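Step one of this worksheet: look at the structure below.
The shown structure was predicted, so the numbers you read here are calculated from the model rather than taken from an experiment. Keep in mind that the numbers below use all heavy atoms, side chains included, and drop hydrogens, waters and symmetry copies. The first residue in the sequence is number 1, and the count goes up from there.
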Amino acid sequence: MASSAAISAAVACSSQLASGNYKKNRNSFVAGKCNGKRLIVKSMATSIPADRVPDMGKRQLMNLLLLGAISLPVGGMLLPYTYFFVPPGGGGSGGGIVAKDKLGRDVVAAQWLKTHGPGDRTLTQGLKGDPTYLVVENDKTLATYGINAVCTHLGCVVPWNAAENKFICPCHGSQYNNQGRVVRGPAPLSLALVHADVDDGKVVFVPWLETDFRTGEEPWWS
């Protein structure tokens, strides 16, 4: 029975405190009386000293450190995908690329001359993937220039006609001499040129930025 009385007294005290029968002193304690006895209840609310609150500068620094820690591994994972979508250069210097044959193999000058005779003009893959003629001179050497095969009229690929010693476009009949200079319309301009250099035995196409030796004019394609 004593236990039941104690429980009843505790419930009554709780009801009195809940109903407002208490006082809060300056030291953050709750004081009150219940059944003639003084009750002291310590407040759970506390304040953080001002010197322990991080200032804005420190928080910004921590944010930057966190961002850097996240960026490093993410960047490392994305780098291989960058190489996948951006193909590597084909070699050569000054913006040049190694010429490719019809099978996608690097053109080696010495081997090329063994299978291509004087006056030969055979298509290879050039700058920006454009079809480009590699020219063999009459003295069995490679010409120092290549000829872009894209017609300046409407963009057809112009074949070499060995019998006529000309490039003749099958689309609208435009004609170019054996160096790619326009000799008959409707094409308004000559075929573009590139430099054909030999670097480490391989043919390298490099952009032609100088005067067009066929016309004496500035290159329209640069």
Side-chain angles (χ1 to χ4, degrees), residues 83-222:
Y83 282 116
F84 177 80
F85 288 107
V86 180
S93 58
I97 64 166
V98 176
K100 306 286 186 181
D101 64 14
K102 62 182 179 180
L103 298 178
R105 300 172 300 192
D106 293 349
V107 175
V108 179
Q111 295 178 359
W112 187 269
L113 291 172
K114 290 179 181 179
T115 56
H116 298 79
D120 180 79
R121 282 149 177 79
T122 299
L123 281 174
T124 60
Q125 180 177 310
L127 298 174
K128 301 179 181 179
D130 286 350
T132 303
Y133 284 102
L134 195 55
V135 178
V136 180
E137 301 282 24
N138 292 330
D139 61 357
K140 299 182 180 181
T141 61
L142 284 174
T144 58
Y145 62 91
I147 303 171
N148 191 309
V150 178
C151 183
T152 59
H153 179 219
L154 292 178
C156 298
V157 174
V158 183
W160 167 245
N161 189 318
E164 295 286 339
N165 197 35
K166 295 177 182 177
F167 297 97
I168 301 177
C169 183
C171 297
H172 301 95
S174 298
Q175 297 184 14
Y176 308 84
N177 70 7
N178 60 5
Q179 293 181 326
R181 178 174 179 174
V182 63
V183 294
R184 176 179 172 180
L189 300 165
S190 299
L191 297 175
L193 295 174
V194 294
H195 288 285
D197 301 333
V198 177
D199 185 6
D200 197 22
K202 297 180 180 181
V203 177
V204 178
F205 288 133
V206 180
W208 187 293
L209 305 177
E210 300 79 29
T211 300
D212 185 343
F213 67 88
R214 303 164 302 181
T215 63
E217 299 174 355
E218 292 299 312
W220 61 263
W221 57 86
S222 63

Gap separating the CG atom of Leu113 from the CG atom of Leu142, nearest 0.5 angstrom = 4.5 Å

Would you indicate whether Cys171 and Cys156 have their SG atoms under 2.5 Å apart?
-> yes

Point-to-point distance, once rounded to the nearest 0.5 Å, from NE2 of His153 to NE2 of His172 | 5.5 Å

Interatomic distance, CD@Gln179 vs CZ@Phe167, rounded to 0.5 Å, equals 9.5 Å

Can you check whether Pro207 reaches Ser222 side chain to side chain, under 4.5 Å on heavy atoms?
-> no

Should Val107 and Asp101 count as side-chain neighbours, where that means a heavy-atom distance under 4.5 Å?
-> yes

At what distance, to the nearest 0.5 angstrom, does CG of Asn177 lie from CG of Leu191?
-> 9.0 Å

Give the C-alpha distance, both sets of side-chain angles, the deciding distance and a yes or no for side chain to side chain contact (heavy atoms under 4.5 Å, CB included) between Ile147 and Trp160.
-> CA-CA 11 Å; Ile147 303 171; Trp160 167 245; over 6 Å; no

In terms of side-chain geometry, is the basic nitrogen of Asp212 or Arg214 positioned less than 4.0 Å from the acidic oxygen of its partner?
-> yes

If we only count heavy atoms from C-beta on, is the Thr124 to Val203 side-chain gap below 4.5 Å?
-> no

With the side chain counted from C-beta on, respond yes when Tyr176 and Ser174 share a heavy-atom pair under 4.5 Å apart, and no when they do not.
-> yes

Is there a donor-acceptor pair under 3.5 Å between the side chain of Ser190 and the backbone N or O of Val182?
-> yes

One should read off an interatomic distance between Gln125 CD and Asp106 CG, to the nearest 0.5 angstrom, of 10.5 Å

Sole candidate of Asp197, Thr132, Asn148 that passes side-chain contact (heavy atoms from CB on, under 4.5 Å) when paired with Phe205 | Thr132

Determine, step by step, whether Leu209 and Trp221 satisfy the side chain to side chain contact (heavy atoms under 4.5 Å, CB included) criterion, reporting the C-alpha distance in whole Å, the side-chain angles of both residues, the deciding distance to 0.1 Å, and the verdict.
-> CA-CA 9 Å; Leu209 305 177; Trp221 57 86; over 6 Å; no

Does any N or O in the side chain of Trp208 come within less than 3.5 Å of the main-chain N or O of Gly146, such that one atom is a donor and the other an acceptor?
-> no

Rounded distance [0.5 Å steps], CZ in Arg181 versus CG in Leu193 = 11.5 Å

Which atom pair, heavy atoms only, marks the closest approach of Pro170 to Val157?
-> CD-O, 4.1 Å

Mind listing the closest non-hydrogen atom pair of Leu123 and Ala149 along with its distance?
-> CD2-CB, 3.6 Å

Hey, are the side chains of Thr211 and Glu218 touching, using non-hydrogen atoms and a 4.5 Å cut-off?
-> yes

Residues forming a side chain to side chain contact (heavy atoms under 4.5 Å, CB included) with Glu137, sequence neighbours excluded | Asp139, Thr141, Ala143, Tyr145

